[in-house]
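For reference, the structure is listed below as structure tokens.
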Number of protein chains: 2
Amino acid sequence: MPPYDPSAFPPFAVTVDLVVLTVRRHSLCALAVRRGEPPFQGRWALPGGFVRADEDLAGAAARELAEETGLHAHDPADPNAPYGAHLEQLATYGDPKRDPRMRVVSVAHLVLAPDLPAPRAGGDAHSARWAPVESFLDQEPTSAPEEEAPAPLAFDHAQILEDGVERARSKIEYSSLATAFCPQEFTVGELRRVYEAVWGVALDPRNFHRKVTGTPGFLVPTGGTTTRQGGRPAQLFRAGGATLLNPPMLRPEA
Amino acid sequence: MPPYDPSAFPPFAVTVDLVVLTVRRHSLCALAVRRGEPPFQGRWALPGGFVRADEDLAGAAARELAEETGLHAHDPADPNAPYGAHLEQLATYGDPKRDPRMRVVSVAHLVLAPDLPAPRAGGDAHSARWAPVESFLDQEPTSAPEEEAPAPLAFDHAQILEDGVERARSKIEYSSLATAFCPQEFTVGELRRVYEAVWGVALDPRNFHRKVTGTPGFLVPTGGTTTRQGGRPAQLFRAGGATLLNPPMLRPEA
DNA sequence: GCAAAAGTGTTATAGGTACACCCATGA
DNA sequence: TCATGGGTGTACCTATAACACTTTTGC
């Protein structure tokens, strides 16, 4: 690396973009915001913004998350921190032509959040929405046009979203991350519906129950029960300390 | 995102750093280069350099790899491309203070290569070396000081190397990436020694043989045999087309 | 013959799938 | 009483771990 010489390297803008996922009404949904300025004015895009001069990448992502949703991110380094959404770095996108204005490198982050109150974005409810991830990804006119399918996402955001969804799908296999989609206390059935929504499959409720309650460190019973799903009261659980599941959850094959 | 206004965002330098791993003499080794200029002059660091104005991130990583080692990266999008090292994006490091000179965001990449002829770096053999990854990571004086243990790596490169090693260790579990450490044709025993070196464990040769030859798409026999390891001649294999292994290889627990 | 590495067979056991069956609540 | 979801028991099957044993070379 050469000594400090500002003319020796080209200047870049660095942004963070957020893939914010949640499970609503049995379906995996992503947060999108409507762009107010060109390029791609009026199109949907992932939330994000410039990294400031004095903040690190995770900090910028957490700040953008709070500004766009009111969520605050959980800091895994501090287990006593208040409850918060899971945030992790996803990947970095730096094609020279990805932004027509200038050279922008975007460090994408993945956020997993429980089902939320309505999103807010600068107070304008029309400029932020949750939508099923397929509505952003299935852009070929395979079936009847649905009103759910907006124009393709701006920039390379469809690719970023697809990478984030795939990360989430694979990571809930071998980690306890699926609990990040649940409220603090949840039932085994609610957790199962998270897996079913993220993977897009049906799971056997009986084997699922045995498996998650038998995996050490995954779930700890709170002692309470709930009947909010109807039927027999279900035990309530919190996420246990384990982050890596052994044995892992197995995603059914195609 | 605000409209184009160069004063609205701080300028960053963007670099790529490379975690280049190989297996030599039954041990997982990383490539390091000696820094010629401050900061950290004379210390070992990961190879890397600035991203140019017109190249994308993977292209910059492939260029640096060729410049520092003579290796060229395999393009997974073109299976007919000539044999080459595996290259993938690892993670991005952007702490505001990670480089004392200026704000630098580094997009780290992971390279897996077969055992190589001696490294070269600008023709100066003294400025590049392979060393076991533990010699860079075990920086506490746990045992007798070895000549193998140089000063800690410059910048945050010890963290980057550790992340790269962990990525390699986990990825050979469920993908066929371990073959990237082998020459084009290799024996089951050679592949087993790769797993043993990367994981730092001993594996049962008999069960290993059954498992890798029984996993569809992992290995294809070339028909040839070799006796270069001594003992009974062993069949030679090439990497099969499969990238995801099903069932996965299981890393023995602690 | 002997050492060394390759490769096969066999057995015990853990974990998964499928599904019959019972439990506790609200309507 | 019935519908709904929660939860347990059990039989079958697949994959793995452990290890005895045979094969084919070099020396």
Side-chain angles (χ1 to χ4, degrees), chain A residues 23 25-26 172-174 182 185-197 199 201-238 242 244-254, chain B residues 25-26 172-174 182 185-197 199 201-237 242 244-254:
Chain A
V23 174
R25 291 176 286 113
H26 284 216
I172 65 173
E173 285 193 74
Y174 56 89
C182 296
E185 298 200 348
F186 54 90
T187 69
V188 171
E190 288 163 349
L191 183 63
R192 175 172 48 82
R193 282 180 277 277
V194 164
Y195 275 91
E196 291 178 331
W199 285 344
V201 298
L203 300 174
D204 185 302
R206 297 145 314 178
N207 292 333
F208 183 88
H209 184 279
R210 213 191 331 261
K211 176 121 186 192
V212 296
T213 55
T215 299
F218 195 4
L219 301 181
V220 292
T222 66
T225 61
T226 182
T227 176
R228 61 178 171 241
Q229 300 293 337
R232 167 175 165 178
Q235 284 184 264
L236 284 168
F237 294 88
R238 282 184 297 105
L244 257 45
L245 300 185
N246 199 335
M249 305 297 295
L250 288 186
R251 169 157 42 160
E253 327 211 1
Chain B
R25 290 177 286 112
H26 284 217
I172 65 173
E173 285 192 76
Y174 56 88
C182 295
E185 299 200 346
F186 53 90
T187 69
V188 171
E190 287 163 350
L191 183 62
R192 176 171 48 81
R193 281 180 278 278
V194 163
Y195 275 91
E196 291 177 331
W199 285 344
V201 298
L203 300 174
D204 185 302
R206 296 141 321 173
N207 292 334
F208 184 88
H209 184 281
R210 213 191 330 261
K211 176 120 188 195
V212 295
T213 55
T215 299
F218 194 4
L219 302 181
V220 293
T222 66
T225 62
T226 182
T227 176
R228 59 180 172 239
Q229 301 294 337
R232 168 175 166 180
Q235 282 183 265
L236 284 168
F237 294 87
L244 258 44
L245 300 184
N246 200 332
M249 305 295 296
L250 288 186
R251 171 157 41 161
E253 327 210 0

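Quick note on labels: first sequence line is chain A, next is B, and so on, each numbered from 1.
The minimum heavy-atom distance between L245(A) and Y195(A), with the atom names listed, is CD1-OH, 4.2 Å. Taking both residues in full, the closest heavy atoms of E185(B) and E190(B) are given as O-OE1, 4.4 Å, listed atom of the first, atom of the second, then distance.
With rounding to the nearest 0.5 angstrom, the NE2 atom of H209(B) is 11.0 Å from the CG atom of L191(B).
One finds no side-chain N or O of H209(A) lying less than 4.0 angstrom from the OP1 or OP2 phosphate oxygen of dG6(D). The side chain of R206(A) places no N or O atom within less than 4.0 Å of a non-bridging phosphate oxygen (OP1 or OP2) of dC22(C). Dashed line: the shortest gap from a side-chain N or O of K211(A) to OP1 or OP2 of dG16(C) is under 4.0 Å.
At whole-Å resolution of the value, CG in L250(A) and P in dA14(C) are 18 Å apart. In this structure, the CD atom of E173(A) is 13 Å from the P atom of dG16(C), given to the nearest Å. Rounded to whole angstrom, the span from the CZ atom of F237(A) across to the P atom of dG6(D) amounts to 11 Å. As a whole-Å value, the separation of Q235(B) CD from dT8(C) C1' is 13 Å. Remark: C1' of dG26(D) and CZ of R228(B) are 17 Å apart, rounded to the nearest angstrom. Across the protein-nucleic acid pair, L203(A) atom CG and dG6(D) atom P stand 13 Å apart, rounded to whole Å. The distance between atom CG of L219(A) and atom C1' of dG7(D), rounded to the nearest whole Å, is 14 Å. Per the geometry, CG belonging to N207(A) stands 15 Å off P belonging to dA11(D), to the nearest Å.
Checked against dG15(C), dG7(D), dA15(D), the side chain of P247(B) finds its nearest nucleotide in dA15(D).
Between the side chain of R210(A) and the base of dG15(C), no donor-acceptor pair of N or O atoms lies under 3.5 Å. Under 3.5 Å, the side chain of R232(B) and the base of dA5(C) form no donor-acceptor pair of N or O atoms.
Side chain of E196(B) to backbone of L203(B): a donor-acceptor contact under 3.5 angstrom is found.
Judged by closest nucleotide on DNA chain D, P248(B) is the one of D204(B) and P248(B) placed further toward the 5' end.
In this structure the side chain of N246(A) never reaches within 4.5 angstrom of the side chain of P216(A), judged on heavy atoms.
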